[in-house]
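Everything below concerns the one structure shown next.
Small disclaimer: the values here were computed from a predicted structure and weren't measured. In what follows, every chain begins at residue 1, and chains take the letters A, B, ... in the order their sequences are listed.
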Number of protein chains: 2
Amino acid sequence: MQNSIQKLFPNFSSELISDIEKNASEQDFKAGTILMRTGQYIKNTILVTKGKIKIYREGEDGGEFLMYYLQPGQACAISMICATKSEKSQIMAKVVEDVSVMMIPLNLMDKWMMEHKSWYEFVIETYKNRFEEILEVVDSIAFRSMDERLEFYLKRHSDACGCTEVKLSHQEIATELNTSREVISRLLKKMEQRGLVKLNRNQIELLKINS
Amino acid sequence: MQNSIQKLFPNFSSELISDIEKNASEQDFKAGTILMRTGQYIKNTILVTKGKIKIYREGEDGGEFLMYYLQPGQACAISMICATKSEKSQIMAKVVEDVSVMMIPLNLMDKWMMEHKSWYEFVIETYKNRFEEILEVVDSIAFRSMDERLEFYLKRHSDACGCTEVKLSHQEIATELNTSREVISRLLKKMEQRGLVKLNRNQIELLKINS
DNA sequence: AATGTGCAGTAACATTTGTCACATACGAGA
DNA sequence: TCTCGTATGTGACAAATGTTACTGCACATT
């Protein structure tokens with residue numbers, strides 16, 4: 001376990017790592033599990049060591065508007081902040097690929113911020129990155145039309161998984177962009193005609209989106 | 001000056017306040033001044049003691065999508081985050097009502113985080129609040145149509161200024177919601193018919209939005 | 001092979017939002 | 001009072017997006 005933490009979080013000091021080992025509990029969750037719901041109290045901060053978690057905002061109509069993904073070596077920025085006052089969560093977190101996480105009791109957050117410089121820097125860095133990511137998301141919905149948002153979405157997806165195949169149904173994409181399947185089908189078709197993607201069953205191959 | 005800091009930031013310890021007095025420079029800016037541009041390097045953190053600053057995201061077409069307002073007793077969350085690594089700003093900050101601000105050199109950020117518990121708590125609290133505010137903004141554009149967004153916008157505005165009159169032209173509102181004046185006029189008219197607002201020249205009076 | 005089920009394609013239409021053109025209203029000076 | 005500039009109202013139309021309703025396809029199960 002120590003090795004994996006050191007590998008995934010290379011900036012953590014060895015004192016911090018041993019503190020994590022002493023206090024955190026490692027847990028596994030299956031794909032589909034909802035780790036956090038809007039309105040629920042947050043009791044832990046999460047460090048991801050394996051798998052993928054989707055952080056999203058739930059609409060009244062059941063839309064699951066994607067904010068960002070949590071992957072190995074990352075932490076939930078929102079839980080870190082809210083944790084400091086054991087606030088209610090404002091977002092939903094759902095496991096999309098079986099995960100292993102380190103659960104860190106929230107009362108250690110403040111303590112470690114003071115004691116471990118490397119923890120402090122990690123938290124600030126995490127926060128900054130997520131803030132910027134959300135700003136980009138805001139841009140994309142505020143200023144762009146659906147076809148551009150779809151391209152942006154596919155690009156983020158392939159960036160996140162490091163591959164050029166996106167294994168999602170049109171319906172799933174539609175849900176995450178809060179639109180309907182038909183619209184996504186239409187737009188993907190157009191993108192295929194423009195030579196940007198290749199459509200297969202349950203899989204979209206990105207060709208030129210890497211710009 | 002000391003009095004006003006103490007009043008506006010009641011949770012600051014007296015040591016922190018005296019540190020602020022020693023190191024921060026107080027500056028005034030006229031309405032219309034742009035304090036920060038996208039892509040510009042951030043050199044200071046800002047505490048607002050008077051006036052109002054608009055934090056927004058600029059679109060390619062000149063749209064000024066409102067993120068939130070900074071008011072007395074508040075600080076720029078983004079500058080605090082980015083400051084820690086002297087990063088580039090991702091947002092625009094424009095003075096909308098003549099302001100007085102305390103400019104705090106960024107190198108003190110990290111130092112004070114460690115030394116002053118009340119500063120640490122203030123920073124975390126600020127992040128948290130802004131993050132939540134932006135999540136609400138995301139909700140409003142992701143899930144709501146223009147008429148609901150307009151109501152949300154007016155409500156935020158009156159919350160921010162603590163009054164029921166919004167002194168903005170339709171054009172200004174349109175810019176901040178990234179739509180056109182005609183659309184705003186239309187929707188406001190409908191809202192007036194529903195008895196939600198009363199329209200006057202350069203001023204919108206909110207009647208029932210306080211729900 | 002027959003069937004069921006989920007995914008994708010598509011046409012037709014409704015609704016929302018954006019754009020253009022122009023009319024009108026109001027207030028500040030000359 | 002007249003006039004000019006800015007703010008607002010409004011109809012007509014265009015474009016984007018959402019909705020409905022149906023078709024066909026691929027795969028798994030029987």
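Rounded to whole Å, atom P of D:dA7 lies 12 Å from atom CD1 of B:Ile173. The distance between atom CD of B:Gln171 and atom P of D:dG5, rounded to the nearest whole Å, is 18 Å. Atom NZ of A:Lys190 and atom P of D:dA16 are 7 Å apart (whole Å). B:Glu148 places its CD atom 9 Å from the P atom of C:dT17, with the value rounded to the nearest Å. Between the P atom of C:dG27 and the CG atom of B:Asn202 lies a distance of 10 Å, rounded to the nearest Å. Atom CE in B:Met146 sits about 11 Å away from atom P in C:dT19, given to the nearest Å. The distance between atom NZ of A:Lys198 and atom P of C:dA8, rounded to the nearest whole Å, is 14 Å. Atom P of nucleotide D:dG18 and atom CZ of B:Phe143 are separated by 13 Å, given to the nearest angstrom.
The closest side-chain donor-acceptor pair between A:Tyr56 and A:Glu176, if any, does not fall under 3.5 angstrom.
Classified by interplanar angle (parallel below 30°, tilted 30° to 60°, perpendicular above 60°), the ring pair A:Tyr127/B:Phe131 is tilted. Ring pair B:Trp119/B:Phe122 is tilted by interplanar angle, where 30° to 60° counts as tilted.
Evaluated for a side-chain hydrogen bond (donor to acceptor under 3.5 Å, both in side chains) with B:Tyr69, the options B:Glu133, B:Arg156, B:Lys54, B:His157 yield exactly one hit, B:His157.
Put simply, A:Thr179 has a side-chain N or O that comes within less than 4.0 Å of OP1 or OP2 on D:dG18.
The residue A:Ser180 sits close to a base: some heavy atom pair falls under 4.0 Å. As judged by a 4.0 angstrom heavy-atom cut-off over every strand, B:Ser169 is placed among residues touching the sugar-phosphate backbone only. Counting any heavy atom pair closer than 4.0 Å across all strands shown, A:Asp147 reaches no nucleic acid atom.
Checking B:Gln203 against A:Val183, the closest nucleotide of DNA chain D that is more toward the 5' end is the one next to B:Gln203.
Relative to the ring axis of A:Tyr68, A:Arg130 places its NZ or CZ within 45° and under 6.0 Å from the centre.
Atom CZ of A:Arg37 sits in a sparse spot, with 12 or fewer heavy atoms from other residues, nucleotides or ligands closer than 6.0 Å.
Between A:Asp98 and A:Asp28, every side-chain heavy-atom pair lies at or beyond the 4.5 Å cut-off.
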What N/O pairs connect the protein and nucleotides 9-12 of chain D at under 3.5 Å? Give each pair on its own line.
| unit_1 | atom_1 | unit_2 | atom_2 | d |
| --- | --- | --- | --- | --- |
| D:dG9 | OP1 | B:Lys189 | NZ | 3.3 |
| D:dG9 | N7 | B:Arg181 | NH1 | 3.4 |
| D:dG9 | O6 | B:Arg181 | NH2 | 2.9 |

